[in-house]
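Accompanying notes for the structure given below.
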Amino acid sequence: MFWQLDDTHVNIYQHGENGPCFYLGESDREAGSADDFATRLAKEAGYMVYTLVVYEVTDWNSQLSPWPAKAAFGEEMFAGRGADTLAWLADKCIPRLREDGLITKGVPQYTAGYSLSGLFALWAFLESDLFDGAVSCSGSLWIDGWKQLWDLDNRLRDALKKENIPFDEKPFRAHITLARKARIDTEALKNWPVQECAFRVDEITLFQSTRINGVLTYLPLEKVGFKISGKAVIDGGDDMTHEEYNAAANHWIKKNAISKKMPADQLWEAIENYIQANNTCALATGSGSFIRCTPIEYAWHDGAFWMFSEGGQKFVGLEENKSVCLAIYDRYDGFGRLKGMQVSGTAEIMEPFSAEYIQAAEWKKISVDALRKLSFTMNLIKITPTEIEFLNSDFKEDGYDSRQHYDCGGHGRSRGLPQVICGKE
């Protein structure tokens with residue numbers, strides 16, 4: 001069977017029905033080679049059922065090269081129009097095969113080729129979700145760029161596995177998304193002037209694309225900043241100047257100065273509701289160069305956090321420094337659903353079996369007699385908040401900024417933040 005689909009000659013060879021379909025890229029200069037190949041394949045296949053689709057390209061080095069690359073022989077460079085060929089397969093060829101009933105939904109599909117066409121076959125399989133596999137016969141894997149991309153992918157996967165970070169096991173597909181669901185005049189786009197450009201990279205962000213309530217959403221997973229010199233800012237030392245550190249530290253101070261603030265009573269009610277809706281925080285303690293962050297359960301009563309603890313390295317910091325910070329937060333589920341709280345406060349170690357100690361045990365429904373029988377002293381930490389920063393995306397629905405600051409007075413250090421004094425507007 002022969003088609004003329006747009007400007008492309010297509011030969012279709014069926015060996016039975018509903019078998020896997022193979023798409024083979026061939027040069028139009030090798031007229032008759034498709035028939036010879038199909039004849040040999042039929043003899044070798046025996047009773048195997050398959051469909052072979054051979055499409056002819058008019059410019060081998062251009063239409064089958066996935067990306068631009070230097071000439072390998074002579075002066076003809078690889079133009080990198082493989083994406084056009086892949087788009088033709090996806091938008092024209094495969095839909096036509098289904099429309100004519102030559103392939104059915106669910107039939108396995110494979111891209112195939114030899115030499116440069118073999119490189120294109122591998123790239124098309126990795127680049128799209130169209131194919132279930134690829135057949136590459138002596139593929140041109142020496143072409144500039146292929147090995148670097150493959151090595152980068154392997155190094156990234158090895159690093160993720162080493163750190164026990166889960167990741168999508170699907171094959172690597174390098175791409176740049178310019179638009180989604182865009183309606184574009186493809187003919188006009190062909191004549192769109194594209195010029196080479198250079199620009200400075202200040203930051204690289206690793207995103208996860210997912211659908212939330214049916215909406216395609218990109219979730220930032222990790223960011224790496226770059227200095228003008230191109231050196232990645234990934235460690236400490238002299239990567240940032242004092243002025244740069246100071247600018248970063250004051251980022252939210254400046255933002256809060258012009259933010260839409262919530263009335264104090266309303267904010268305090270929201271704060272208490274969030275604290276009481278949770279029961280675990282990350283408690284940071286430290287002194288000098290020592291620092292510790294401990295997940296710990298708490299109870300909230302009388303405007304303070306109460307935490308029973310057998311002991312641990314957090315007490316190294318608490319001995320010298322009673323200023324602490326704790327964080328309570330929800331699992332990240334997108335920028336539109338952020339909830340988290342940072343609480344700065346002052347810690348006290350309560351006298352064992354004092355009135356407050358016994359009261360805290362009753363709140364936690366812990367038997368005081370059982371505590372007395374322990375072979376060690378169960379410690380009780382009381383943390384009185386001095387200032388609270390509450391990030392809650394729901395605040396925007398009421399016309400307020402999502403980030404709110406609450407100054408509880410006491411011994412907290414103001415740091416220049418706009419203050420909302422407890423109980424006062």
Side-chain angles (χ1 to χ4, degrees), residues 122-123 125-129 131-134 141 145-177 201-213 215-227 230-237 239-240 248 274 277-298 307-318 324-343 389 391 393:
L122 286 174
W123 173 81
F125 166 62
L126 296 174
E127 182 70 13
S128 72
D129 294 321
F131 305 106
D132 297 280
L141 303 187
W146 175 265
K147 186 176 185 300
Q148 290 90 329
L149 284 172
W150 193 266
D151 288 345
L152 178 62
D153 176 53
N154 287 333
R155 291 201 306 272
L156 177 60
R157 290 171 184 267
D158 291 341
L160 292 171
K161 289 177 181 178
K162 183 178 179 180
E163 298 299 329
N164 293 318
I165 299 174
F167 63 93
D168 194 335
E169 293 281 0
K170 287 190 296 187
F172 166 64
R173 296 181 176 92
H175 68 283
I176 297 176
T177 301
V201 177
D202 296 317
E203 182 180 79
I204 293 178
T205 303
L206 177 65
F207 286 92
Q208 174 190 1
S209 62
T210 186
R211 290 191 178 274
I212 299 176
N213 297 325
V215 179
L216 187 63
T217 305
Y218 292 91
L219 306 179
L221 302 179
E222 190 65 48
K223 293 183 179 182
V224 177
F226 288 84
K227 297 188 73 174
K231 180 181 178 182
V233 182
I234 56 175
D235 54 9
D239 285 330
M240 291 172 65
Y274 186 72
N278 292 274
N279 66 357
T280 306
C281 69
L283 174 63
T285 59
S287 177
S289 61
F290 176 84
I291 191 166
R292 184 79 168 177
C293 188
T294 307
I296 187 169
E297 186 182 1
Y298 65 80
M307 307 168 183
F308 280 100
S309 172
E310 297 173 342
Q313 292 294 297
K314 56 184 169 291
F315 287 91
V316 174
L318 288 172
V324 299
C325 187
L326 64 87
I328 309 168
Y329 49 90
D330 286 8
R331 180 181 181 273
Y332 178 79
D333 193 25
F335 278 128
R337 287 172 291 279
L338 295 174
K339 284 187 181 179
M341 180 180 293
Q342 297 178 71
V343 180
E389 294 177 53
L391 177 62
S393 297

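Quick caveat: nothing in here was measured; it's all calculated off a predicted structure. Only this structure's heavy atoms are used, side chains among them; waters, hydrogens and symmetry mates stay out.
- When all heavy atoms of Arg292 and Lys314 are compared, the pair lying nearest together is CG-N, 4.0 Å.
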**Prompt:** Stepwise, does the side chain to side chain contact (heavy atoms under 4.5 Å, CB included) test hold for Leu326 with Ile296?
**Reply:** CA-CA 10 Å; Leu326 64 87; Ile296 187 169; over 6 Å; no
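- Checked by atom type and distance alone, the side chain of Ser393 pairs as donor or acceptor with a backbone atom of Leu338 at under 3.5 Å.
- Residues meeting the side chain to side chain contact (heavy atoms under 4.5 Å, CB included) test with Ile291, sequence neighbours left out: none.
- Closest non-hydrogen pair, Tyr298 versus Ile328, comes out as OH-CD1, 3.6 Å.
- Partners of Ser287 by side chain to side chain contact (heavy atoms under 4.5 Å, CB included), not counting sequence neighbours, listed by chain and number: Glu320, Asn321.
- Between Met307 and Leu283 there is a side-chain heavy-atom pair separated by less than 4.5 Å.
- Nearest heavy atom pair, residue Met341 against residue Tyr274, reads CE-CD2, 3.7 Å.
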